[in-house]
Amino acid sequence: MCQSCIPRIPENMEKAGLFAQQMITMLNHGALVPMISIGHQTKLFDIMDTLDWSTSVEIAECANLNERYVREWLGAMASGRIVEYNPKANTYYLPPENAIFLTRKSNEKNMSSVASLITVWAGVEEKVTRCFKNGGGVPYSEYNGFHEAMGDLSAANVGKNLTEIILPENQSLFDRLENGISILDIGCGDGQVLLALAQYFPKSKFYGIDLCDAPIKSAQNKARIRCLNNITFKQEDLLAYSPTNKYDLITAFDVIHDLAFPDKVLQLVNNWLNDDGTFLMMDINASSHLENNLENPFAPFLYTASTLHCMTVSLAQGGMGLGTVWGKEKAVEMLKEAGFSNTQVQNFEHDLFNNYYFSSK
Ligand SMILES: C[S@@+](CC[C@H](N)C(=O)[O-])C[C@H]1O[C@@H](n2cnc3c(N)ncnc32)[C@H](O)[C@@H]1O
């Protein structure tokens, strides 16, 4: 502590009391996050969605899980008001109104996979804390299960919406995809978005590139299982990539703000496009200015995601550390600096979390 840092005494104890309440709520909600992730991973939410009021023994049996753990988990779910509890019958019930946001049946509304992503990020807390003192960052290799959790989320939220909502809104691009064009997805992760597109547009040719080997192997495997012959995945750093042909469409889903050198990659993307090509970038719906984000309901999540993942993976490579909340203003400016002649930013009601930037070469 520096010498001038004399602990201050609060003057307004009512304000202090309110903050103490807020802290308790935050800690309880924070504690529920890994429990929601467990509910997602064990499929307990999906199973409870098929059951009427049931005991912990019945739920555990249906889920083929250890009853003692399930009962403790149910305690957290009931006191957290996620499931309902009848103490007389000792039974539990997941109301359908809550199930919509917790189960796989309602893919795009399912927020339980986001809880899994938060627990992955929390796994590197100690390493990130060290960076607060020493600088630098935490590389992708330190995250356990990041690409799986990310792929899970993308499959649920992006793939179907692209073909059913986002691309049909851009009719000429949709038509070109139907007729057959070449597409590159940069930072494709385990390929969930590209796999969905390749299946939907069989006449087009899809290429996916990612820095990390494990998600690429997983993507290649999925393409093989689905017998998709119009898709190729390759492990490569974008900065080293040198395509032999130009592309008609290049996509980046939740990638640019993670990159070490997003400015250079945006310039490369511009070079890799045909003259009438389009760059579609899906990125976080936020402002570049903190004061404009204070009322954004996702803001604390976004700044946390940045600190525990997006910013630190970039800094780990000696990069810019742009951060998750680089924002629309900065994004439009960087796209212009990279040489794109025109950028249209679109929002869709189903996805308040992201902006969709359609840029022409
Ligand atoms: C947040 S993930 C998004 C993955 C995928 N687009 C999705 O929506 O599921 C960002 C991805 O960018 C990849 N990435 C980061 N830097 C890269 C680079 N220099 N070259 C290629 N891929 C990179 C990461 O490995 C990671 O898979």
Side-chain angles (χ1 to χ4, degrees), residues 97 99-114 117 149-208 219 222 226 228 230-231 247-257 269 273 276-287 296-298 301-302 324 327-328 331-332 335 340 342-360:
E97 294 77 9
I100 312 173
F101 303 103
L102 297 166
T103 58
R104 289 169 173 82
K105 80 169 177 206
S106 51
N107 250 345
E108 69 272 19
K109 289 196 177 65
N110 182 8
M111 294 190 222
S112 64
S113 48
V114 181
L117 206 52
M150 188 69 220
D152 204 9
L153 197 62
S154 300
N157 296 316
V158 187
K160 193 164 150 251
N161 290 324
L162 266 178
T163 50
E164 289 185 3
I165 303 171
I166 297 157
L167 292 168
E169 279 277 319
N170 296 272
Q171 197 57 49
S172 68
L173 186 56
F174 189 89
D175 291 345
R176 292 185 73 199
L177 278 155
E178 280 204 314
N179 292 333
I181 54 173
S182 69
I183 300 101
L184 170 70
D185 186 34
I186 60 171
C188 63
D190 80 348
Q192 297 282 8
V193 179
L194 212 55
L195 287 159
L197 288 177
Q199 195 145 8
Y200 200 90
F201 298 109
K203 289 188 186 160
S204 283
K205 288 207 177 325
F206 295 85
Y207 301 86
K222 288 190 189 88
R226 295 184 202 180
L228 289 170
N230 59 338
I231 192 163
Y247 294 96
D248 301 302
L249 171 66
I250 299 183
T251 54
F253 298 101
D254 207 7
V255 168
I256 301 300
H257 63 255
V269 166
L273 277 173
D276 60 350
T278 302
F279 175 45
L280 165 57
M281 176 175 89
M282 183 194 89
D283 218 293
I284 302 298
N285 178 8
S287 166
N296 179 333
F298 302 114
F301 171 84
L302 294 173
T324 318
K328 181 173 162 183
V332 170
L335 285 162
F340 291 98
N342 176 35
T343 293
Q344 301 290 329
V345 189
Q346 285 185 287
N347 288 106
F348 296 92
E349 217 172 288
H350 74 274
D351 183 7
L352 298 175
F353 202 76
N354 289 299
N355 287 328
Y356 292 79
Y357 301 81
F358 289 84
S359 301
S360 320

message: Show, in sequence, the C-alpha distance, side-chain angles and deciding distance for K328 and N285, and conclude whether the side chain to side chain contact (heavy atoms under 4.5 Å, CB included) test is met.
response: CA-CA 7 Å; K328 181 173 162 183; N285 178 8; 5.9 Å; no
Verdict with reasoning, F206 to L197, per side chain to side chain contact (heavy atoms under 4.5 Å, CB included):
CA-CA 8 Å; F206 295 85; L197 288 177; 3.6 Å; yes
Self-check item: Residues I250, L280; criterion side chain to side chain contact (heavy atoms under 4.5 Å, CB included); working and verdict
Solution: CA-CA 6 Å; I250 299 183; L280 165 57; over 6 Å; no
Residue pair Y247, V269: steps toward the side chain to side chain contact (heavy atoms under 4.5 Å, CB included) verdict
CA-CA 9 Å; Y247 294 96; V269 166; over 6 Å; no
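Side chain of D185 to backbone of G208: no donor-acceptor contact under 3.5 angstrom is found. No donor-acceptor pair under 3.5 Å is formed between the side chain of S154 and the backbone N or O of V193. Side-chain atoms of S204 come within 3.5 Å of backbone N or O of I181 as a donor-acceptor pair. Listed for the N355 side chain is no donor-acceptor partner under 3.5 Å among the backbone atoms of D283.
T324 places none of its side-chain heavy atoms less than 4.5 Å from the side chain of F298. Using a 4.5 Å cut-off on side-chain heavy atoms (C-beta onward), Y357 and F279 make no contact. Counting heavy atoms from C-beta on, the side chains of L177 and Y200 never come closer than 4.5 Å. Two residues are said to be in side-chain contact when any heavy atoms from C-beta on lie closer than 4.5 Å; T343 and M281 fail this criterion. Using a 4.5 Å heavy-atom threshold, the side chains of I231 and R226 count as separate. Under the 4.5 Å side-chain criterion, counting only non-hydrogen atoms from C-beta, L273 is in contact with F340. L184 places none of its side-chain heavy atoms less than 4.5 Å from the side chain of T251. Two residues are said to be in side-chain contact when any heavy atoms from C-beta on lie closer than 4.5 Å; I166 and Q346 fail this criterion.
Between Y356 and the choices N170, D351, N347, the side-chain contact (heavy atoms from CB on, under 4.5 Å) rule is met once, by D351.
The minimum heavy-atom distance linking G151 with D190 is given by the pair CA-OD1, 3.3 Å. I186 and I256 get closest at one heavy-atom pair: CD1-CD1, 3.9 Å. Counting all heavy atoms, side chain and backbone alike, L162 lies closest to P168 at O-CD, 3.5 Å.
When the shell of 6.0 Å around NZ of K109 is examined, it contains 12 or fewer heavy atoms from other residues, nucleotides or ligands. By the 6.0 Å contact criterion, NZ on K205 is open, its count of non-hydrogen atoms from other residues, nucleotides or ligands being 12 or less.
A distance of 9.0 Å separates CG of L194 from CG of N230, quoted to the nearest 0.5 Å. To the nearest 0.5 Å, atoms CD (Q192) and CG (L153) are separated by 10.5 Å. Within the model, atoms CZ of R176 and CG of D248 stand 5.0 Å from one another, a figure rounded to the nearest 0.5 Å. Taken from CE in M282 to CG in D254, the straight-line distance is 4.5 Å, to the nearest 0.5 Å. Atoms CZ and CG, on R104 and N110 in that order, are 7.0 Å from each other to the nearest 0.5 Å. The distance from atom CD of E178 to atom CG of L167, rounded to the nearest 0.5 Å, is 10.5 Å.
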